[in-house]
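FYI, side chains are in, hydrogens and waters are out, and symmetry mates aren't considered; it's all heavy atoms of this structure. Throughout, residue positions are numbered sequentially from 1 according to the sequence presented. Note that ligands are numbered from 1 as they come in the structure, with each ligand's atoms numbered from 1 the same way. Just so it is clear, the structure is predicted and the values come from calculations on it, not from any experiment.
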Amino acid sequence: MPTLHEMLLPVFDEVVKRNPGEIEFHQAVREVLESLGPVVAKHPEYADTQIIRSLCEPERQIIFRVPWVDDSGQVQLNRGFRVEFNSALGPYKGGLRFHPSVYLGIVKFLGFEQTFKNALTGMPIGGGKGGADFDPKGRSDAEVMRFCQSFMTELYRHIGEYTDVPAGDIGVGGREIGYLFGQYKRITNRYESGVLTGKGTGWGGSQVRTEATGYGTVFFVEEIFKTTGESLEDKRVVVSGSGNVAIYAAEKVIERGGTVVAMSDSSGYVTEDNGVDLDLLKDIKLNRRARIRDYATDRGASAHFVEGGSIWDVPCDVALPCATQNELTAADAATLIRNGCAVVAEGANMPATPEAMHAFHEAGVRFAPGKAANAGGVATSALEMQQNASRDSRAPDMAAAVKSPARG
Ligand code: NDP
Ligand code: 2IT
């Protein structure tokens, strides 16, 4: 495993001490500090300044109560977060996550990573992240609407097109952004479309923002293959998750001639040797909001559902973790390596554990880190902000640019 340069050890120790129990945040900071070893070796003066310490300390952390009324008339209570991490390059920018596991440590790891990812896009966007420990699963549209309205009733005072611009992440897609934008507009009496990205294309959204993260991850894989004169054609690909990132990663893989042999959700995974039927999967996940098990039920004998278990047991040439943090462990990496997997690209944020990444490096598996491989989503968000700022829509040209004819 890589070690921390001794000059950076006090910085890391201080982060752990100041942020007790926030293990995902510690993990994300450690990974970046390890990568800075060669920099401080060459420029010891950087280790001594406040620059690196400041990068690890959010500019502002907001925690708030979100009360809302469920369909039976009961008052429910959740906790909301927005961590405004760094505004050196532009307004804070990053998604909102609604998932029961959300707490400050997860929001901070995501906001920290977002700062670097956003810088890498070359667009003028700072880094931030937010969310709530709200579980949308099993909730009606009306409940999700009331939750979003209550969440925005507090959040609105902290955001703005020049201040902080949230978007989607786990549990937050077009439906939620719509409810959030409606409430923002109502409270502020401003049609400030640049305050949120991932909006519908009829009201300020950018074409291809929905597809951008997943497509971008696959474009990244294609560039990796090009360096050795290969392509995705006939490659067997495993995509974890079956949400926004996973679905559009799978779509682009199929367009490029690859076969998506397995996909998952938090209950288990499905395998389909001749390739998943993405239209059916989209119907199940995007329209019916049902479980991956239903895919296997609907497909019959050609598909197989495995409850629990690890999707990384399925042999493949390319692995695209597109679900959540730490979903690909050292044991999973060992299995992938044994099965001859050649490329791993992170569609999700921090899906590979440090031990898994190390194993890939040691084995010569080509590995695309999330800060680069999933940056297509936020880069397209920045284009959406530009369109909103100019009161313009350049949407149709962009859609044409990234679509390629489906393979027959
Ligand atoms: P979605 O909510 O659309 O989908 C998430 C998928 O991952 C679902 O299939 C979900 O299954 C599964 N999943 C979530 N949490 C867990 C868990 N704890 N264990 C197992 N499976 C889980 O989210 P997105 O597709 O938007 O986000 C996926 C990843 O991509 C996240 O890491 C996110 O931060 C990252 N990302 C998202 C971007 C975006 O533009 N949306 C941009 C860049 C990165 P289930 O339904 O059963 O919970
Ligand atoms: O992790 C991410 O890059 C996102 N969830 C998208 C952020 C955005 O502002 O589009």
- is_close_aromatic(Y269, Y295), centroid dist under 6.0 Å: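 Centroid separation for Y269 and Y295: 6.0 Å or greater.
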- Query: How about F134 and F151: are their ring centroids closer than 6.0 Å?
  - Reply: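 They do not qualify: ring centres at least 6.0 Å apart.
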- Message: Between K226 and E222, does any side-chain N to carboxylate O distance fall below 4.0 Å?
- Response: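 No, this pair does not count.
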- Would E14 and K17 pass as an ion pair if we require N to O under 4.0 Å?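 Salt bridge flag = no for K17 with E14.
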Residues 359-369 side chain polar contacts: donor-acceptor under 3.5 Å, at least two apart:
{"residue": "R366", "atom": "NH1", "partner": "I224", "partner atom": "O", "Å": "3.4"}
{"residue": "R366", "atom": "NH1", "partner": "T228", "partner atom": "OG1", "Å": "3.2"}
{"residue": "R366", "atom": "NH2", "partner": "E230", "partner atom": "OE1", "Å": "3.3"}

- Sequence neighbours left out, what pairs pass side chain to side chain donor-acceptor pair (under 3.5 Å) with at least one residue falling in residues 164-182?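 Listed by first then second residue: R82-D164, R97-D169, K129-D169, D141-R175.
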- Message: For ligand 1, give me the residues whose heavy-atom distance to it is below 4.0 Å, by chain and number please.
- Response: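 Its neighbours under 4.0 Å (heavy atoms only) are R97, H99, K117, K137, D169, I170, G171, R209, T213, G241, S242, G243, N244, V245, S264, D265, S266, R291, C322, A323, T324, G347, A348, N349, N374, given by chain and number.
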- Is any side-chain heavy atom of R30 less than 4.5 Å from a side-chain heavy atom of P354?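 Not in contact.
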Starting from the N and O atoms of ligand 2, collect every protein N/O partner closer than 3.5 Å and put each pair on its own line with the distance to 0.1 Å.
{"residue": "ligand 2", "atom": "1 (O)", "partner": "Q114", "partner atom": "OE1", "Å": "3.3"}
{"residue": "ligand 2", "atom": "1 (O)", "partner": "K117", "partner atom": "NZ", "Å": "2.9"}
{"residue": "ligand 2", "atom": "1 (O)", "partner": "K129", "partner atom": "NZ", "Å": "2.9"}
{"residue": "ligand 2", "atom": "1 (O)", "partner": "N349", "partner atom": "ND2", "Å": "3.0"}
{"residue": "ligand 2", "atom": "3 (O)", "partner": "Q114", "partner atom": "NE2", "Å": "3.0"}
{"residue": "ligand 2", "atom": "3 (O)", "partner": "K117", "partner atom": "NZ", "Å": "2.7"}
{"residue": "ligand 2", "atom": "5 (N)", "partner": "K129", "partner atom": "NZ", "Å": "3.2"}
{"residue": "ligand 2", "atom": "5 (N)", "partner": "G168", "partner atom": "O", "Å": "3.0"}
{"residue": "ligand 2", "atom": "5 (N)", "partner": "D169", "partner atom": "OD1", "Å": "3.0"}
{"residue": "ligand 2", "atom": "9 (O)", "partner": "K93", "partner atom": "NZ", "Å": "2.7"}
{"residue": "ligand 2", "atom": "10 (O)", "partner": "R209", "partner atom": "NH2", "Å": "2.9"}
{"residue": "ligand 2", "atom": "10 (O)", "partner": "S381", "partner atom": "OG", "Å": "2.5"}

- Task: Check the angle between the aromatic planes of F112 and F116 and answer parallel, tilted or perpendicular using the 30° and 60° thresholds.
- Result: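 If you compare the ring of F112 with that of F116, the planes turn out perpendicular.
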- Can N118 and T121 be counted as having a side-chain donor-acceptor contact under 3.5 angstrom?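 No, no side-chain donor-acceptor pair sits under 3.5 Å.
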